[in-house]
Each structure stands twice: as C-alpha cells, then as structure tokens.
Amino acid sequence: MARKIGIYVCHCGSNIAGTIDVEEVARWAGATIDGVAVARDYKFMCSSLGQQMIEEDIRKKGLTGVVVAACSPHLHEKTFRRACEHAELNPYLCQMVNLREHCSWVCADKAAGTAKAKALVYAAAERVKQQVPLEPMEVQVNPATLVVGGGIAGLQATLELADAGYHVYLVEREPSIGGHMAQFDKTFPTLDCSACILTPKMSEAGQHANVTLLTYSELEEVSGSVGNFKVKVRKKARYVDETICTGCGICIEKCPRRVVDNGFEAGLGQRKAIYTPFPQAVPRIPVIDTAACIWFDRGKCRACEKLCPTNAIAFDQEDEIVELQVGNIVLATGWKLFDCHKLPQYGYGRLPNVYTNMEFERLCNAAGPTNGKIVLRDGKTEPKSVAVIHCVGSRDVRHNESCSAVCCMAALKFGHLVLEKTKAEVYSFYIDMRTYHKGYEEFFQRLLKEGMHFVRGKVAEVTDAARTPGEEGKLIVQVEDTLVGQQQRIAVDMVVLMGALEPQADAKELGLKCGISCSMQGWYTERHPKLDPVATMTDGVFVAGACQGPKDIPASVVQGAAAAARISGMIAKGHVMIEPIVASIQEDKCSGCKICNTMCPYNAIEFDEPAGVSRVISSMCKGCGTCVAACPAGAISGAHFNNAQIMAEIRGILWDAVPSGNGQAPGVPAAALNP
Amino acid sequence: MKYAYYPGCSLEVNSAAYDISVRAVAQLLSIELQEIDDWNCCGATEYFSQDELTACAVIARNLALVDDKVEQLIAPCAACFLNLKKTDKLMSDSAEMNGRVNTCLAAGGLSYRPGRVLVRHLLDVIHGDIGEAAVRDKVVRPLTGLRVAPYYGCQWVRPMSDVDNPEYPMKMDDLFTWLGAEVVDYPVKAHCCGGHMTQISEPQAFELIRRLLQSAVDARADMILCMCPMCQLNLDAYQGRVNGHFGAEFKLPIIFFTQLLGIAFGIAPEQLGFGKEIVAALPVIKAWLGRAAAAVA
Amino acid sequence: MSDPTFEPKIVGFCCNWCSYRAADLAGTARIKYAPNVRIIRLMCSGRVDPGFVLSALANGADGVLIAGCHPGECHYLSQNYKAMRRYHVLKHTLAALGLEPDRLRLVWASAAEGQQLAEAIDRLVEDIRKLGPLRWPANWEAEPCCQEAVESIAREHQEAMEVLP
C-alpha cells in the first residue's frame, strides 16, 4: 500500500516558531521525505482547529500515517491519537515529534535548532511508515479490592469502597486495626480524643457486610495485573478460634504471664502473653504471643484454655494461607518510628527520663500505663519542667533528610497537654515551626499565649553531667539559642524527643511484591508527585497515607478517599483499557533457550514445556521491551517499539549524517535485523 | 601480624608509661610492632595551625618511612593518630596536595603514595582486629568490681568519625566490659580536656578538666582511662592545680587504658609503667586487688 | 587533531519514564545545552538492542547516548541493570571493532534531573568533538568489500537462527 504521511509542524505560538524555522521545516519535509502527502505548519496544533486540520486531511487525502511535530508526547499524545481515531485512522499510526521541550526550548541558535528539528521530523516520518494499527486491550475489573494496612488511611479507603457497595479485604499485620492513631491521646489542632474519632470507623469496618477483616495477617504474594490480581495472604496463627471466641477477655485476665508491651504501649506498659492490643481492639479476638507464653516456652500452664467458657483456645492452630482475587490493591501501610538510640547524644535509653514521642502519647493517654498522668519513670513524680526536642532523626543527612510533617504540631500538642495537666514549664527546641495547614498556625499562636517557651536551635546534647549545683539531678539541654546567639544550658526533669517518621522496615519488599518501587528514602513512588499522588506507575496498585510520605491525619484520610474514588470509578466502568505495547513471541523462531524468561521482572513470560517455546502473557506484560532486545534469535517483537520502527527512526534521524547526503544510508541492511 | 609503630614524642618521656604498657600488651597479643626508623614529630596541633602543606609534608615523611612490606601503622597517641590519618586523607583527596607533598618528600629522597599505609589507633586494632573472643581468652585477672570511666577525648571522634560513634564512642567501653570491669556511664567521655589551653588560659582549661573529673566522681569511678598523652597529662598533672583553683579535693588516678589492660592480662604493674603518674594509681589497684581476693575467700 | 568546528551527530536513546522526562524538564526549565544529541524515545533503557547502537554508528552517528532511570528506580523494576550489563559488553565490542569505546555513553537521569542530563549531554558532545568524526559510512564507501562482508554475515546469521522443523 502506498504510504501517505501527513506532517504537521506546530508553531506553538512563539514557543517553537521563535527558535525554529517551522515553515521551512514543513516545506522541506514535503519536498524531501518520501511518501509525504501533505506537510503543513500551524500556530497551535492542539487547538480544535489544528485537530480538525488533521482529521480533514485524513479523510480527504486518505492519509495512512500522521506526524505531529509539536510539544512532548507526555502532554498531547492522547490528543492527537484521539483526532486520528475521530477520522477513523488507527491512533497508533500517529507519531509525535518533540520539537518544543527537546529542541526549541533548549537551543539558542536558530540554524542549529532547525537542523535538529528536521532530523527529528525525518525520524518520525520513517518510523510512522513502519507503524501498524494496534487495538488497546480491554480487561475486566474484579469489583473486590485488597487494602493492606488498617490505619486511618486504609480504613478510609475501605469504608468508602464498602459503602459504595464493593467488597474489600482489609489486611492488617497487627492483631487489631487502628494503626498509630489508636495510640495517640489527642489529635491536633482540635484536641479531639484520637480514639473517640477513630473507633467509630474501626467498628464500622469490623461490622460492615462488605468488609472481610484479615487481622494478624500479612500479604505474601501478588500476581496478575490491574483488574485481575491473585493474592495470597498469610493469616498468622492467633491460637484462638475466631469463630468461637466471644471476646469476653477472661483468658487475658487470668493469664499469669506479664511482659513489657513494646508494641502498642511503646515499651511503657505491660500486657499479658495472651492479649488484645487495646480495649477497643477490632476484632476483640486475642492473640497468644508465643515468645511470652509459658506453654510455648516451658510446656506448662494453659490456664486460658481451662478457663475459656467457649473453648476457643487452640494451641495447635497453624498459619493459614488465604487466596483472594481482587481487581485493585491499595497499600496503606503507614510508618514506623525512628530509633532514637541512634542519636546517643540525646540520652535515649541511657537517661531514664528521656522519652520518645510515641512513649509520651501513651503517657498522656487516659487509658495508658499511668492513666494519663504525666509522671517520670518512677511512676509518681510530676516533672517541674519538660523539654520537647523537634527533628530527632528528621532533616538529618545522617538519618532522614526529609521533614516528618507532623512533629511540630505534635510538639505543640504535647506542650499544651503538659501545661494543662501539670504545673510544669515546657520548652520547645525547634529549627523551624512548621504549622502549615488549616488551624495549625492558630494553634501555634495559642501555645505562645499559653506560655510555652520556644528556643530556636538544634539541641547539641542532653546530659546529666551537672556543672553547677543547680543542675544536679536534672537533665540538661545544651543548645545554642540562635535568635540571641548564645549557648544555653536549660535544666529540665523530662525530655521528649520528636522522633522521625520512617518508612516501614519491609516497605520496599512489600512494594516489589506489588510491582511498585520506593524513592531512595523508602516512601512509595507515586505516579506524579503533584497531579497523581495516589496512583503508582503500576496500574491497579494505589498508595494512601504515610507510606507515600509523612503526612498528618487529614491528608491520610484524603488519600484513602482518593484511592477509593479511583477504584470505584474503575469498578463502575467495569473494565480498563490497557495499552497494547506488549511483547509477543514468534514461536517458529523460538529455540526455547529461556533467556527471556529470566529477563522479565513481572513473570509475564512462561515456558511451554511440551511445545518447547516461550510465550508472553499479554495481560501481564508491561511493555518494557527488555526481552525483545535480549532474544538471540530475534523471535520476540515489541508492539509499537519494534526493531523495524526503531531502525527506521535511527536512519531518519541521521538523514544528514551521510557525506554523500543522498538520504540513502549504507551500513547493516535492515533485512538482516529482525522485523 | 606486623604493624609499623609510631610512638610519637610524648611516649618517649612524659608518657613513657603508655609506651611501656603498649609494648607489653602488644607482645602478649602477638601484635608485632616495628618502630619506624628515624620518625619525626607529628606536630600535634601546632603544625596544622601554621601551614597545611608544611604540616602534611613533615607528617607524610613518617608514612614514607614505613617499610614497604608493612601495610598498617599503629599510633597510640590520639593526636598523632589523627595527624597521620588526616595527612593521608588530604593527600588522597587532592591530587595537587599529593603532588606538592611528594615534591617535598623527594627532596629527602622519599615518596609516599596516599592510602599505602592504613593508619590505626591501638584501641581500634585491639577492638576490631584482635576481637572480643581473643581478648576474653587472655584475661588472667578479671577486673570485676573495678569501676572505670573510659575517656576518649576529642581527636578519636572529631573531625573524622569513621572509627567510632562520634557522639558517644563505645570501643573502650566494650573492651573493658570484656575484661570484666564495671564501665560507668561517662557522659563527658568525648568532651575536650582543654588541650594546650593549660598554656594559654588556665581558668578555661581548669574548668574543662574539672568537669571531666567531677563527672567521673559523680559516676563513682575508681579511675579514668585515657588513650591520649595530652588528656592523661591534663587530667593527672593538673589535678592538684584544679583542686587549688576550685577548692576541690579530687584524688582520681588517671592512667592509660593499656596499663589496666595489662593488669587484666596478668602482667605485673611494674612492667606497665605504674608509678610514673602523679595521682598514684597503684594504691587504688592494690586496694581493689585486696577486695577481689577477699571476695573470693 | 580535533577540529573545533566539527559538530558531532549523536543519537540518544531515552527511557520514557525517567530520562525522557528529564529531557522534558530541561526544556520546561529552558536550560540550553548542545543540540547535537537527537533523542529517540523507548519505553525502557532495557529495550536498547546493541543492534540499535551499531546501526546508529553505521548510519553516520559519531556517538551514542543511552539514558535510563537510576539503578533501583527503574519503572520496570530492574531492567536498567540489564541495560547496564549490555552497555559494558558493547563497549568491549566497540573496542574490538576498532572504535573508541568513549563514543558510547550510559547515563542515569531521574525525571527530576533535567539540569544534570543537560550537563551530561554537554560533556558528551565535547568529548566526542575531541575524538573527531567517526565517518563510518564513508569508511564503508571507501571499502566496498566491508559492505559485502557484513551482508554475508547477516545472511549466515539469519540462516543459523532458522529453527528447522
């Protein structure tokens, strides 16, 4: 079939026309390139008139391919593909040339820019001659969703999807949902009781007909792709039969073994070997900590079993693997606290009355180990002065470069609680005061009025080495007050370290299971930091909450809701369209060497033993093309980025590189390489 | 294993106890020390405060004199250790410095390729290379019941922080825990002893020394262990002056860590340089030995 | 030996997700850099077939740039490692063919690194300018037997790769 290419060179106002002679490029293209039926230049190709121009030419001139030399395809590829589709030309017969971002905007010299533009246009023209029509693939979307993480972000996503009528599997690693928010005392800036606003959501999730709670469980394996994931979830053995347990709590009451609770109580309080993490736990089904349990340790006791009125204790229970099929996955796995031992100059772990922020939350919490009384480690002495140190492990090149977003507000909150509950003086040692959201700055002003003291300076050390009699028995905060330019030694009774929010230790591993990556710091990578913060580069996998980056509760709620909305939309539509940029194997060329199998990170290539050939599973192929390049027999071709197309692009791009300048490049004949 | 040995000027006379105890302990741990022939002063803090190139050249001379077949050098004095290490790094980081220093060395018929010699402190060699198992194995007299404050001083942790935690170093703490001692929590263990401030401004220096002594007393330490001759000198020789200045009554023995290490290894105190210190340490050791014997009886 | 007026022609293979976006960012930021690198968009640096590089050089390019996501940040998880391995083998091959290995360069550029990519391109262009033109097609033209040799090798390869029934 005779090729009839249409070439459209956009001025983009003066953005392109300013440094490229666009009329000349269009004229030259029509005169020089083989198979060009029409070559035009126009002020704004993306405008409706510009698009109409293309559509008319397609219809009237029977164009078989379209080249639009304009801005980056990341902006308007869809626009021009749609225009082609409108005129009944397959959208994959359209190619864009990046004349703006890659040419006019980066080149000062008009002659050089125009020459570069010509090469890029020639390349696209040659490429488009090799392009073939392709159809996007339609994939059905399973209406069930997997949400990993039962903190506030995960809960929000779960409830919104469940309320919309879609089923949600909520997987949570701890024995109860609730996340870190369940540990807090009050939330800023309203000073709402954290548990009071959280537990209604927890109950709802626990009772919702459309929610299956899988607590004390972990995500083991994920396969498949958007609309159609198969996941395996490991339900860890609780040693309690959840179908029979009524949550009466007698087992917990009677258990003789008490251990330090390093989880929920942040090491400040204790729990039994059989326990629920906190009274409002959902579900109320306890768990046996085998490391603490006397039976698992020494083969004695089993008091819980003897006293359980419904015989729900099951010492022989084993982990169970549950297989689920879902259409989409939301990762809402939250954060973990920075290990304050890493900054030994602050004395955490050595000096008894140095606390982390999470420990202090438990101290303030009325249901906590001291019933909400702010006292020192001896359990009874009220501090007369408290120091709150910001940025412990945050904004620190040795640990976490980022700011943890919530600590300044939390520090102010702590200050307020100290002033409210005790007669102590309270000091904030800050670098900057980051109080950026609605009501936050006002909260800071409130604390200024309430009499909290503020010292701008990064604390050098917290020590008990007294230099004067007045410092004996105290914790001394050594800091430079940068606003007055003086060293200060401030003696206090208690120090609270605002530890950084860090990614979970296994965030990267979990991300890889789902096919998404993390930033260098370990937070999940979103599709676009500004315009698409909940989607990821992997269709069907979303992120919500702090696992995407430190954030406060309202932001986490918003992201949970956003992810739910996206997924709801997909489910309502019933299907998604996948770009047909996939690899395919020509079986008669395949020698069965299996090199491609090892190349694919998505396991999208399977080997057919009896037939002795490899096959690509199109729905799982993401189109990277690595296998295409790797195949020694040239048996694999990559749709829309096949060898013929790229080779043609190379030839075109070097049209002016041949000394004879006749447009015919010698060299390795294309026939020798793979089609 | 063989190491080049750079004693440094202080170990010759002032801190002979350090040199004696280092050699005694090294022999027992099969650390072969080959003293660099014709080594020269590292300049303490003085050379670098005058001129960087001269300092590097004079210090690099020592590195250049290290036997070709020897790869590592031990400097027991923290200041010498830092100077040698810093010089090697400056030459390594800057091709220009390297060139200029080697031009200077060439005038004396010497040359040095940065990185050829790895500069170590004895503490690091014992902690890292010899290791816990081997050290515990050599203990003849566990230091049970002896409360020690390990004092690192500045140069071990500043400005180069790759050998130990710069905010709260632990290697000497670890070592003496292995020897069975009660290592006290000594919060000022990496604070400055005042260095040469004793010559420039006594009140400043005395206050710094007082803080170190007071903190050890507050922690009920029986003695302070040092790894730098300057620190030992300041804390020991000036203790009397500090007492006079503040009306205090400090009487805390200040010894080199290798001296106590030797006691734990069963070496006789006479062979470890005891008796050279100003605030007598032997009576405290003997009293402890007495208590230990009584406890066993 | 190097001619300061010589303008190298360099083909750049950029991956859609990181380096192509980095080039876009350089454009949006109006960073000016040498116009000698002509970019071809691929989905991933792992798609770069060694044949592309050889074809570019054979078609008159004086140098080739491959740009991808930083190791550990590949949009397709680990494909840039494969690109990296191929790149090293390719350099050896080029050297064996008598080409200066420096004509091929691999750079990593994340989508935020427009400035860095522009600088890397400027450096590459200067380095290739110093190396001088490759003039492979002219060399081919000068020795027609080379062209025949390549064609026969290509034919043999095709025959060898045929899977017999």
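Only this structure's heavy atoms are used, side chains among them; waters, hydrogens and symmetry mates stay out. All figures in this text were calculated on a predicted structure; none of them were measured in a lab. Naming convention: chains lettered A, B, ... in sequence-line order (proteins, then strands); numbering from 1 in each chain.
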Is it the case that the side chain of [X] and the backbone of [Y] share a donor-acceptor pair, with hydrogens and angles ignored and the cut-off at 3.5 Å?
| X | Y | result |
| --- | --- | --- |
| Gln131(A) | Tyr92(A) | yes |
| Arg47(C) | Phe641(A) | yes |
| Ser104(A) | Asn15(A) | yes |

Only pairs of heavy atoms separated by less than 4.5 Å count here; which of Trp17(C), Tyr33(C), Phe13(C) has the most with chain A?
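Of the candidates given, the most pairs with chain A belong to Tyr33(C).
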Do the numbers put Lys622(A) on top of the ring of Tyr602(A), so that NZ or CZ is under 6.0 Å from the six-membered ring centre and no more than 45° off the axis?
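Because its charged atom sits under 6.0 Å from the ring centre and within 45° of the axis, Lys622(A) does stack over Tyr602(A).
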Measuring heavy-atom distances to chain C, does [X] have an atom under 4.5 Å in its side chain, in its backbone, in both, or in neither?
| X | result |
| --- | --- |
| Ile581(A) | side chain |
| Ala123(A) | neither |
| Thr19(A) | neither |

Using non-hydrogen atoms only, which part of Ile31(C) is less than 4.5 Å away from chain A: side chain, backbone, both, or neither?
backbone
Side chain, backbone, both or neither of Asp62(C) within contact of chain A (heavy atoms, under 4.5 Å)
neither
Contact winner vs chain C - [options], heavy-atom pairs under 4.5 Å:
| options | value |
| --- | --- |
| Glu101(A), Glu649(A), His102(A), Lys116(A) | His102(A) |
| Gly623(A), Ala112(A), Cys518(A) | Gly623(A) |
| Val106(A), Thr536(A), Ile516(A), Ile653(A) | Val106(A) |
| Gly113(A), Gly625(A), Pro529(A), Ala630(A) | Gly625(A) |

Out of curiosity, [X] [atom1] to [Y] [atom2], how far, rounded to the nearest 0.5 Å?
| X | Y | atom1 | atom2 | result |
| --- | --- | --- | --- | --- |
| Cys107(A) | Asn36(C) | SG | CG | 9.0 Å |
| Met647(A) | Ile40(C) | CE | CD1 | 10.0 Å |
| Arg41(C) | Asn98(A) | CZ | CG | 9.0 Å |

Under 30°, 30 to 60°, or over 60°: which ring-plane class applies to Tyr20(C) and His74(A), parallel, tilted or perpendicular?
perpendicular
Filtered by a 4.5 Å non-hydrogen cutoff, the part of residues 79-104 of chain C contacting chain A is Gln79(C), Lys82(C), Arg86(C)
Checking side-chain contact (heavy atoms from CB on, under 4.5 Å) against Val125(C), which of Ile121(C), Asp122(C), Ile128(C) comes through?
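Of all the options given, the one that passes is Ile121(C).
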Go through the structure and list residues passing side-chain hydrogen bond (donor to acceptor under 3.5 Å, both in side chains) with Arg100(A), not counting sequence neighbours.
none
Side-chain donor-acceptor pair present, Arg651(A), Asn59(C), cut-off under 3.5 Å:
no
